[in-house]
Trainee: 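Below: one structure in structure tokens.
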Amino acid sequence: MTTSHVILGDGIAGSSAAETIREADPDADVTIITDEGEPLYNRILIKEFAKGTLPEEPVSIHEEEWYEERDIDLELNTRVTSVDTDANVVEAQDGATYEYDKLLVATGGTPTRLPVENSDAEGVHYFWTFKDARAIRDHAAEAETGVIVGAGLLGIDLAAICGAQNVEADYLMRGNRWWRYALSLDGAEIIHEALRQKGVTPVFDSGVERFEVDDDGHVTGAVDANGEFHAGEFAAVAIGLDFNTAFLEDTAVELDDGIVVDEHMRTGVEDIYAAGDLTRYYDVILDERAQNGSWGSAKEQGVVAAENMVADEPVETFRYVSSYSITHFEFPFLSFGHPTIGDDEAERKYSDTEWRRLTFKDGQLIGGVLIGDLSQQQAFKQIIREERPVADQMEKLLEPDVDLDALPAPAVE
């Protein structure tokens with residue numbers, strides 16, 4: 001009998017899963033359902049497009065013909081409203097239903113709205129989709145002043161867009177530094193200075209109390225928590241994602257700020273899997289649940305989920321060390337693993353634009369941030385994968401070149 005695979009979401013997780021299923025089972029029925037109006041595009045490159053440094057064509061990855069050639073049914077502009085896990089049926093807002101033998105949920109998230117007055121005013125942008133990027137690019141090209149909110153990895157993309165589009169912007173942060181969960185003041189100051197050189201001013205211990213608008217309802221600026229007004233005819237917010245799981249709330253699928261899955265991408269409900277940003281997966285290296293929104297992680301999760309869906313029994317385990325790079329400045333920046341958690345840390349500043357911070361848990365390296373010199377990233381990832389007990393070797397790990405042979409032997413070959 002032909003197996004029916006239904007995939008919710010056409011991001012890199014869903015698309016990679018569909019391709020993997022098709023290669024493993026040429027006779028399977030494969031359907032992708034997405035609420036977006038266009039096929040898979042490169043979510044990493046949309047920030048370069050929004051900066052005005054990249055045309056639209058390279059951002060797109062798949063045309064609709066790609067799906068047709070692989071006999072994959074693609075349902076665009078289709079929002080799923082419910083899943084009947086007893087009958088194995090997905091229902092969409094337009095009333096259409098889709099029966100499945102195996103279901104993969106890879107619906108990602110929607111940018112969290114800032115809960116302040118006028119946060120939905122004209123000229124206030126939220127950044128996640130290609131459609132968002134088009135609106136941001138067009139508006140930033142016309143604006144002279146801007147306000148950025150959100151001291152994380154997406155927020156700095158918005159700040160860089162302002163810098164590239166010559167928008168004089170204030171970058172409002174609630175804490176005393178950018179990405180305070182992963183960087184110390186020493187490391188963050190390298191980023192702060194780079195932002196200033198691009199015409200973006202970090203404003204610390206601020207945040208937004210409300211946006212101000214003109215008589216036409218267009219944003220004119222923001223008032224911060226200290227009562228200071230920051231002019232901005234362009235405003236952009238990146239304070240996190242609300243995961244798209246509402247259609248699962250009446251099911252037995254476990255939700256916990258996302259979808260809970262095991263190391264095989266299986267939920268607790270038979271024949272339902274999940275992959276991508278919204279998974280709270282069991283990390284076999286950490287030996288605890290984790291969440292990761294990187295492109296590479298989502299792609300690998302999609303592949304692992306698909307291989308297990310086709311095999312019917314778990315044949316693949318998600319065991320992955322992710323990384324995330326920023327390319328907005330004169331120097332490179334890369335985070336890897338889980339740099340925001342742990343029970344110990346070590347850091348060193350090597351120059352005005354070179355810095356390293358490593359995080360540890362239970363004696364093992366679990367993540368870090370590299371600024372300026374990325375040459376040791378593969379060594380650090382290997383140490384994490386091999387689960388080497390290296391917390392007592394911090395000085396060696398902070399040397400410019402890490403000698404793997406001088407460290408304890410791998411716990412996992």
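Just so we're clear, the structure is a prediction, and the values are computed from it rather than from any experiment. Each residue takes its place number in the sequence, starting with 1.
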Trainee: Might you point out which heavy atoms bring S119 and V124 nearest each other, and give the distance in Å?
Mentor: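 Heavy-atom minimum between the residues: O-CG1, 3.3 Å.
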
Trainee: Treating D343 as the side-chain partner and D362 as the backbone partner, does any N or O pair qualify as donor plus acceptor under 3.5 Å?
Mentor: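 Present.
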
Trainee: Do the side chain of Y171 and the main chain of G150 share a donor and acceptor less than 3.5 angstrom apart?
Mentor: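 Between the backbone of G150 and the side chain of Y171 there is a qualifying donor-acceptor contact (under 3.5 Å).
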
Trainee: Mind checking the CG-CZ spacing from D224 to F204? Nearest 0.5 Å is all I need.
Mentor: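 Spacing of CG (D224) from CZ (F204) equals 13.0 Å.
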
Trainee: Side chains of T53 and E48: any donor to acceptor distance under 3.5 Å?
Mentor: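 Distance-only check passes for E48 and T53.
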
Trainee: Does CD in E91 sit with more than 12 non-hydrogen atoms of other residues, nucleotides or ligands closer than 6.0 Å?
Mentor: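 It does: E91 CD has more than 12 such atoms within range.
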
Trainee: For the side chain of S351 and the backbone of E354, is there at least one donor-acceptor N/O pair under 3.5 Å apart?
Mentor: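 It does hold such a pair.
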
Trainee: Salt bridge (Lys or Arg N to Asp or Glu O under 4.0 Å) for R43 and E36? Distances and angles first, verdict last.
Mentor: CA-CA 13 Å; R43 201 175 294 277; E36 291 200 53; 3.8 Å; yes

Trainee: Is T107 reaching over with its side chain to a backbone N or O of T245, donor-acceptor style, under 3.5 angstrom?
Mentor: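 A pair under 3.5 Å: no.
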
Trainee: Under a 4.0 Å threshold between the charged nitrogen and the carboxylate oxygen, would R356 count as salt-bridged to E399?
Mentor: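 A salt bridge is absent here (no side-chain N lies under 4.0 Å from a carboxylate O).
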
Trainee: How far does CE of M173 sit from CD1 of I148, to the nearest 0.5 angstrom?
Mentor: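 Those atoms lie 10.0 Å apart.
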
Trainee: Does some side-chain heavy atom of E307 sit less than 4.5 Å from a side-chain heavy atom of V303?
Mentor: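 Contact flag for V303/E307 side chains = yes.
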
Trainee: Flag yes if more than 12 heavy atoms outside E63 fall under 6.0 Å of its CD atom; otherwise flag no.
Mentor: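 12 or below, so no.
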
Trainee: Hey, is the main chain of G207 close enough, under 3.5 Å, to the side chain of R174 for a donor-acceptor pair?
Mentor: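 It does not hold such a pair.
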
Trainee: Assess, by modelled atom type and distance only, whether the side chains of D10 and H62 contain a donor and an acceptor separated by less than 3.5 Å.
Mentor: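 There is no such pair (donor and acceptor under 3.5 Å, judged by atom type) between the side chains of D10 and H62.
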
Trainee: Heavy-atom count around D352 CG within 6.0 Å, excluding the residue itself: above 12?
Mentor: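 Atom CG in D352 is not crowded, with 12 or fewer foreign heavy atoms closer than 6.0 Å.
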
Trainee: Would K349 and E347 satisfy salt bridge (Lys or Arg N to Asp or Glu O under 4.0 Å), going step by step from the backbone distance to the final call?
Mentor: CA-CA 7 Å; K349 187 173 183 180; E347 69 172 84; over 6 Å; no

Trainee: Rounded to the nearest 0.5 Å, how far does CG of D214 lie from OG1 of T220?
Mentor: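 Between T220 OG1 and D214 CG, I get 6.5 Å after rounding to 0.5 Å.
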
Trainee: Is the shortest side-chain heavy-atom distance between Y350 and D373 below 4.5 Å?
Mentor: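 Answer no - side chains too far apart.
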
Trainee: Would you compute the distance between atom CG of L278 and atom CG of L241 and round it to the nearest 0.5 angstrom?
Mentor: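 One finds 9.5 Å between CG of L278 and CG of L241.
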
Trainee: Can you find a side-chain donor-acceptor pair between K198 and H328 that sits under 3.5 Å?
Mentor: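 No, H328 and K198 have no side-chain donor paired with an acceptor closer than 3.5 Å.
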
Trainee: Indicate whether any N or O donor in one side chain lies under 3.5 Å from an N or O acceptor in the other, for S294 and N292.
Mentor: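 There is such a pair between these side chains.
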
Trainee: Is the count of non-hydrogen atoms from other residues, nucleotides or ligands lying under 6.0 Å from K299 atom NZ greater than 12?
Mentor: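 Atom NZ in K299 is not packed in, count stays at 12 or less.
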
Trainee: Can you say whether the rings of F130 and Y41 are parallel (under 30°), tilted (30 to 60°) or perpendicular (over 60°)?
Mentor: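 Correct class here is tilted.
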
Trainee: Step by step, work out the salt bridge (Lys or Arg N to Asp or Glu O under 4.0 Å) result for E254 and R280.
Mentor: CA-CA 10 Å; E254 184 180 357; R280 289 190 61 79; over 6 Å; no

Trainee: What pair of heavy atoms forms the shortest contact from R113 to I239, and how long is it?
Mentor: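 So the minimum-distance heavy-atom pair works out to O-CD1, 4.0 Å.
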
Trainee: Sub-3.5 Å donor-acceptor pair from the side chain of Q301 to the main-chain atoms of Y281, do we have one?
Mentor: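 No, Q301 side chain to Y281 backbone: no donor-acceptor pair under 3.5 Å.
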
Trainee: Donor-acceptor pair, R357 side chain versus P339 backbone, under 3.5 Å?
Mentor: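 Yes, R357 side chain to P339 backbone: donor-acceptor pair under 3.5 Å.
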
Trainee: Less than 4.0 angstrom from a charged side-chain N to a carboxylate O is my criterion; do R348 and E395 meet it?
Mentor: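 So R348 pairs with E395 through a salt bridge.
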
Trainee: Just wondering, more than 12 heavy atoms not from D250 lying within 6.0 Å of its CG?
Mentor: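 For D250, atom CG is not crowded (no more than 12 foreign heavy atoms under 6.0 Å).
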
Trainee: Ignoring hydrogens and geometry, is there a side-chain-to-backbone donor-acceptor pair from T267 to I272 under 3.5 Å?
Mentor: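 It does hold such a pair.
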
Trainee: Below 4.5 Å, heavy atoms only, C-beta onward: do D205 and N176 meet side chain to side chain?
Mentor: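 Side-chain contact under 4.5 Å: yes.
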
Trainee: Ignoring hydrogens, what is the shortest heavy-atom contact between A18 and I32? Give both atom names and the distance.
Mentor: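 It is CB-CD1, 3.6 Å.
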
Trainee: Are Y273 and H264 close enough that their ring centers fall under 6.0 Å?
Mentor: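 No, the ring of Y273 stays outside the 6.0 Å limit from the ring of H264, centre to centre.
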
Trainee: For the atom pair CG (D257) and CG (D242), what is the distance rounded to the nearest 0.5 Å?
Mentor: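 Interatomic distance, D257 CG to D242 CG, rounded to 0.5 Å: 8.5 Å.
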
Trainee: Establish, from distance only, whether the side-chain atoms of T110 and N244 form a donor-acceptor pair under 3.5 Å.
Mentor: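 Yes, N244 and T110 have a side-chain donor paired with an acceptor closer than 3.5 Å.
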
Trainee: Does any N or O in the side chain of N42 come within less than 3.5 Å of the main-chain N or O of L45, such that one atom is a donor and the other an acceptor?
Mentor: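 Here the side-chain-to-backbone pair exists.
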
Trainee: State whether the side chain of N226 and the backbone N or O of E228 hold a donor-acceptor pair below 3.5 Å, judged by distance alone.
Mentor: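 Checking the backbone N and O of E228 against the side chain of N226, no donor-acceptor pair under 3.5 Å is found.
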
Trainee: Could you check if a side-chain atom of L404 sits within less than 4.5 angstrom of a side-chain atom of E386, using non-hydrogen atoms only?
Mentor: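 In short, these two side chains do not touch, never coming nearer than 4.5 Å.
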
Trainee: Quick check: do Q165 and F234 have side-chain heavy atoms less than 4.5 Å from each other?
Mentor: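 A side-chain contact under 4.5 Å is absent here.
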
Trainee: Does a sphere of radius 6.0 Å around CZ in R385 hold more than 12 heavy atoms from other residues, nucleotides or ligands, not counting ones at 6.0 Å or beyond?
Mentor: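 Count over threshold, so yes.
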
Trainee: Do you know which two heavy atoms are closest between L76 and G37, and how far apart they sit?
Mentor: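 Of all heavy-atom pairs spanning L76 and G37, the closest is CD1-O, 3.8 Å.
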
Trainee: Enter the distance from D262:CG to F318:CZ here, rounded to the nearest 0.5 Å.
Mentor: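 D262 atom CG to F318 atom CZ measures 12.0 Å (nearest 0.5 Å).
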
Trainee: Report, as yes or no, whether the 6.0 Å neighbourhood of atom CD on E144 holds more than 12 heavy atoms from other residues, nucleotides or ligands.
Mentor: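 Open: at most 12 neighbouring heavy atoms sit under 6.0 Å from CD of E144.
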
Trainee: Kindly give the heavy-atom pair with the smallest separation between I326 and F329, and that separation in Å.
Mentor: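 Heavy atoms only, the tightest pair is CG2-CE1, 4.2 Å.
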
Trainee: Quick one: do R22 and E19 make a salt bridge, cutoff under 4.0 Å?
Mentor: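 Not counted as a salt bridge, because no side-chain N and carboxylate O are separated by less than 4.0 Å.
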
Trainee: Work out which heavy atom in P400 is nearest to a heavy atom in Q376; give both atom names and the distance.
Mentor: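 In terms of heavy atoms, the two residues are closest at O-CG, 3.3 Å.
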
Trainee: Report yes if the distance between the aromatic ring centroids of Y324 and W179 is under 6.0 Å, otherwise no.
Mentor: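 Not under 6.0 Å, so no.
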
